[in-house]
Amino acid sequence: MLIFGASVNCIPWVYVPEILPLHARAKGTAVGVSSNWICNFFVVTITPIIINRLQWKAYLIFMCTNLAVVPLVYFCYPETANLTLEEIDYLFTNPDKSAVKISKEIRKERRTHGQGRRLAGDARLRRASSPADSQEKGSGVQPLGEYVEDA
């Protein structure tokens, strides 16, 4: 239970507000935390009954449930560590690829190009920093996916 509380149980408290856009963050976090409390209430309610009937085998149910969550998190939850809010937003707004694939690509590009660089990103384009830059580069915008130096 210590492993569950320190890992999967914190997803609605930490991960949900991190991945939601600002306009949906409060309501989405409320839904995530509420579902967490409802599920915890259900588990606490049925655990004494299950333990009385199944004895030690009841813990196998919890073990299997915790092990089933591992591939779910690995394959369906994108890594958001060290990503900017714009990059996290891009993970979930790009209709062409899954968020997990984009997250892995960003981490791979960061290993290749270094940690001092970040993905250029608003929803689709990032404006050039000055009018002189925009005249030199043509249109004055950089497509998402190209890297720019942090200021």
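There is a path of hydrophobic side-chain contacts, each under 4.5 Å, that joins V69 to Y15. One hydrophobic cluster, built from ILVMFWY side chains closer than 4.5 Å, holds both F92 and Y90. The hydrophobic clustering, which links ILVMFWY residues whose side-chain heavy atoms are closer than 4.5 Å, places V43 and W13 apart. Taken together through direct or relayed side-chain contacts under 4.5 Å among Ile, Leu, Val, Met, Phe, Trp and Tyr, V14 and I11 form parts of separate hydrophobic clusters. I61 and F42 end up in the same hydrophobic cluster when Ile, Leu, Val, Met, Phe, Trp and Tyr side chains are linked at under 4.5 Å.
Here the side chains of R107 and K104 are in contact, with some heavy-atom distance below 4.5 Å. Here the side chains of D96 and I102 are not in contact, with every heavy-atom distance at 4.5 Å or above. Residues F75 and V100 have side chains not in contact (no heavy-atom distance under 4.5 Å, counting atoms from C-beta outward). I51 is not listed as a side-chain neighbour of W56, based on a closest heavy-atom distance of 4.5 Å or more. Counting heavy atoms from C-beta outward, C64 and Y59 have side chains that stay 4.5 Å or more apart. The closest side-chain heavy-atom distance from L22 to R25 is below 4.5 Å. With a 4.5 Å cut-off on side-chain heavy atoms, I19 and Y77 do not count as touching. Counting only heavy atoms from C-beta outward, the side chains of L54 and L60 never approach each other to under 4.5 Å.
Interatomic distance, K108 NZ to H113 NE2, rounded to the nearest 0.5 Å: 10.5 Å. From N36, atom CG reaches atom OG1 of T29 across 12.0 Å, with rounding to the nearest 0.5 Å. Annotation: the span from L72 atom CG to L67 atom CG amounts to 13.0 Å, rounded to 0.5 Å. The distance from atom CG of D89 to atom CG of L20, rounded to the nearest 0.5 Å, is 10.5 Å. Between L91 atom CG and K101 atom NZ the span is 14.0 Å, to the nearest 0.5 Å.
Side chain of S35 to main chain of G32: a donor-acceptor pair is present (N/O by atom type, distance under 3.5 Å, no hydrogens or angles). With hydrogens and angles ignored, the 3.5 Å screen pairs a side-chain donor or acceptor of E87 with a backbone N or O of T84. The backbone N or O of N82 lies less than 3.5 Å from a partner atom in the side chain of R110, making a donor-acceptor pair. With S103 contributing its side chain and A99 its backbone, the two residues share no donor-acceptor pair below 3.5 Å.
Heavy atoms only, all atoms of each residue included: L83 and E79 are closest at CD1-O, 3.5 Å.
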